[in-house]
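Bear in mind that the values here come from a model prediction, so they are computed numbers and not experimental data.
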Amino acid sequence: MDKEYKIEDAEKHSSDKAFMMQAIDDKASWVLAYADEKLLADKELILNAVKVDGQALYYASKELRDDKDVVLEAVKNKWLIVKYASKRLRADKDVAIAAITANKDAAIYLTDEILTDKDVDLILNPPQAE
C-alpha cells in the first residue's frame with residue numbers, strides 16, 4: 001500500500017529533497033505545494049515529479065518552466081500543463097508538437113508564431129481525404 005502523506009509532514013519536510021523525492025515516487029506530488037523555493041528550482045526533483053505527474057510543472061521555478069527537458073516531460077505526461085511553460089517554450093516546435101499531438105486544444109496556449117509552422121499546422125489542420 002502507498003504511504004499516506006499529511007500536510008503537516010510536507011510542511012515539516014519542506015526543504016528535505018529525499019522526503020520530496022520519496023513522496024513523488026509514492027504518487028503524492030502534491031507535496032511540492034509545500035516545498036521551499038530551493039527545491040522548486042531543483043531540476044532533478046522537478047524532472048522526476050513531472051514524469052510522474054505533469055501537473056507538477058505548476059510548482060516549478062520560473063527557470064524550470066523555461067527548461068525544455070522539464071517542460072517536454074510535463075507536456076508528454078499532461079498536455080494541458082503547457083499553459084505554465086515559459087513563453088519561449090510555448091513557441092518551441094518540439095513542445096508544441098508534443099502538446100497538440102496529445103490534444104489539439106493545447107493550441108490555444110501556444111504562441112501565434114509557432115501555430116504558423118508548417119508541421120504544427122499540418123497536425124492541427126490535416127489534409128482532408130477526397
Side-chain angles (χ1 to χ4, degrees):
M1 183 175 147
D2 286 339
K3 181 178 181 215
E4 191 173 312
Y5 288 85
K6 295 184 170 72
I7 291 173
E8 302 80 51
D9 297 329
E11 288 174 334
K12 188 169 99 179
H13 296 282
S14 65
S15 60
D16 181 344
K17 182 175 176 178
F19 171 87
M20 294 291 172
M21 286 289 243
Q22 186 59 55
I24 290 161
D25 288 344
D26 291 337
K27 310 280 188 274
S29 56
W30 63 265
V31 298
L32 289 174
Y34 299 92
D36 68 19
E37 286 184 29
K38 184 176 173 208
L39 287 182
L40 296 178
D42 183 299
K43 183 172 178 176
E44 180 189 18
L45 177 69
I46 298 299
L47 193 54
N48 186 42
V50 298
K51 286 178 180 178
V52 172
D53 179 5
Q55 190 69 34
L57 185 66
Y58 174 81
Y59 301 111
S61 68
K62 186 176 178 184
E63 293 75 24
L64 290 180
R65 288 181 186 199
D66 192 45
D67 182 293
K68 188 170 178 177
D69 296 334
V70 172
V71 170
L72 261 176
E73 285 299 329
V75 169
K76 286 178 191 173
N77 185 288
K78 185 171 192 157
W79 67 269
L80 185 59
I81 204 65
V82 73
K83 68 182 176 179
Y84 292 109
S86 68
K87 183 168 184 181
R88 179 182 77 85
L89 290 180
R90 286 185 283 118
D92 180 88
K93 186 172 181 172
D94 296 329
V95 171
I97 288 174
I100 61 175
T101 299
N103 190 314
K104 290 181 181 182
D105 290 345
I108 64 171
Y109 300 110
L110 302 175
T111 64
D112 291 342
E113 298 80 35
I114 198 63
L115 295 177
T116 62
D117 177 272
K118 66 178 176 48
D119 297 325
V120 171
D121 185 60
L122 197 58
I123 294 168
L124 292 173
N125 304 296
Q128 299 300 312
E130 306 229 354

> Is the backbone N or O of A28 less than 3.5 Å from a side-chain atom of D26, with the two atoms forming a donor-acceptor pair by type?
no

> Could you walk me through whether I46 and L32 pass side chain to side chain contact (heavy atoms under 4.5 Å, CB included), step by step?
CA-CA 9 Å; I46 298 299; L32 289 174; 4.2 Å; yes

> Please check this pair: side chain of R90 against backbone of T111, looking for a donor-acceptor N/O pair closer than 3.5 Å.
no

> Return yes when atom NZ of K78 has more than 12 non-hydrogen atoms of other residues, nucleotides or ligands closer than 6.0 Å, and no otherwise.
no

> Please step through salt bridge (charged side-chain N to carboxylate O under 4.0 Å, His left out) for the pair D117 and K93, ending with a clear verdict.
CA-CA 8 Å; D117 177 272; K93 186 172 181 172; 3.6 Å; yes

> Which heavy-atom pair separates K68 from D94 by the least distance, and what is that distance?
NZ-OD2, 2.6 Å

> Ignoring hydrogens and angles, tell me if any N or O in the side chain of T101 forms a donor-acceptor pair with the backbone of A98 under 3.5 Å.
no

> Could you tell me which non-hydrogen atom of I100 sits nearest to which non-hydrogen atom of A107, and how far apart they are?
CG2-N, 3.9 Å

> Supply the atom-to-atom distance D105 CG to L80 CG, rounded to the nearest 0.5 angstrom.
9.0 Å

> To the nearest 0.5 Å, tell me how far I24 CD1 sits from Y5 OH.
9.5 Å

> Closest heavy-atom contact between W79 and A99?
CB-O, 3.7 Å

> Using every non-hydrogen atom in the two residues, find where A56 and A49 come nearest and quote the distance to one decimal.
CB-CB, 3.7 Å

> Ignoring hydrogens, what is the shortest heavy-atom contact between D36 and S15? Give both atom names and the distance.
OD2-CB, 2.8 Å

> Working to the nearest 0.5 angstrom, can you tell me the gap between M20 CE and D42 CG?
11.5 Å

> According to a hydrophobic-cluster definition based on side-chain heavy atoms being under 4.5 Å apart (Ile, Leu, Val, Met, Phe, Trp, Tyr only), do L122 and L110 belong together?
no

> Report the distance from atom CG of D67 to atom CZ of R88, rounding to the nearest 0.5 Å.
8.0 Å

> Would you find more than 12 non-hydrogen atoms of other residues, nucleotides or ligands less than 6.0 Å from K38 atom NZ?
no

> For Y58, is there any backbone N or O sitting under 3.5 Å from a side-chain donor or acceptor partner on R65?
yes

> How are the rings of H13 and F19 set to each other: parallel, tilted or perpendicular (split at 30° and 60°)?
parallel

> Given 3.5 Å as the limit, does a donor-acceptor pair link the side chain of N77 with the main chain of K51, or not?
yes

> Looking only at non-hydrogen atoms, find the nearest pair between L39 and S14 and report the distance.
CD1-O, 3.3 Å

> Let's go through K3 and Q22 carefully: what are the C-alpha distance in whole Å and the side-chain angles of both, what is the deciding distance for side chain to side chain contact (heavy atoms under 4.5 Å, CB included) to 0.1 Å, and is it a yes or a no?
CA-CA 10 Å; K3 181 178 181 215; Q22 186 59 55; 5.9 Å; no

> If you measure from CG on D119 to CG on L124, what distance do you get to the nearest 0.5 Å?
11.0 Å

> Should we count NZ of K12 as having more than 12 external heavy atoms under 6.0 Å?
no

> Can I7 and W30 be said to form a side chain to side chain contact (heavy atoms under 4.5 Å, CB included), step by step?
CA-CA 9 Å; I7 291 173; W30 63 265; 4.1 Å; yes

> How long is the gap from CG on L57 to OG on S29, to the nearest 0.5 Å?
11.5 Å

> Whether the side chain of K104 engages the backbone of I123 through a donor-acceptor N/O pair (distance < 3.5 Å, no angle test) should be reported.
yes

> Y34: what forms a ring-ring contact (aromatic ring centres under 6.0 Å, His included) with it, not counting sequence neighbours?
none

> Check step by step if side chain to side chain contact (heavy atoms under 4.5 Å, CB included) holds for D92 and I114.
CA-CA 7 Å; D92 180 88; I114 198 63; over 6 Å; no

> Given side chains that start at C-beta, do those of D121 and T116 come closer than 4.5 Å, heavy atoms only?
no

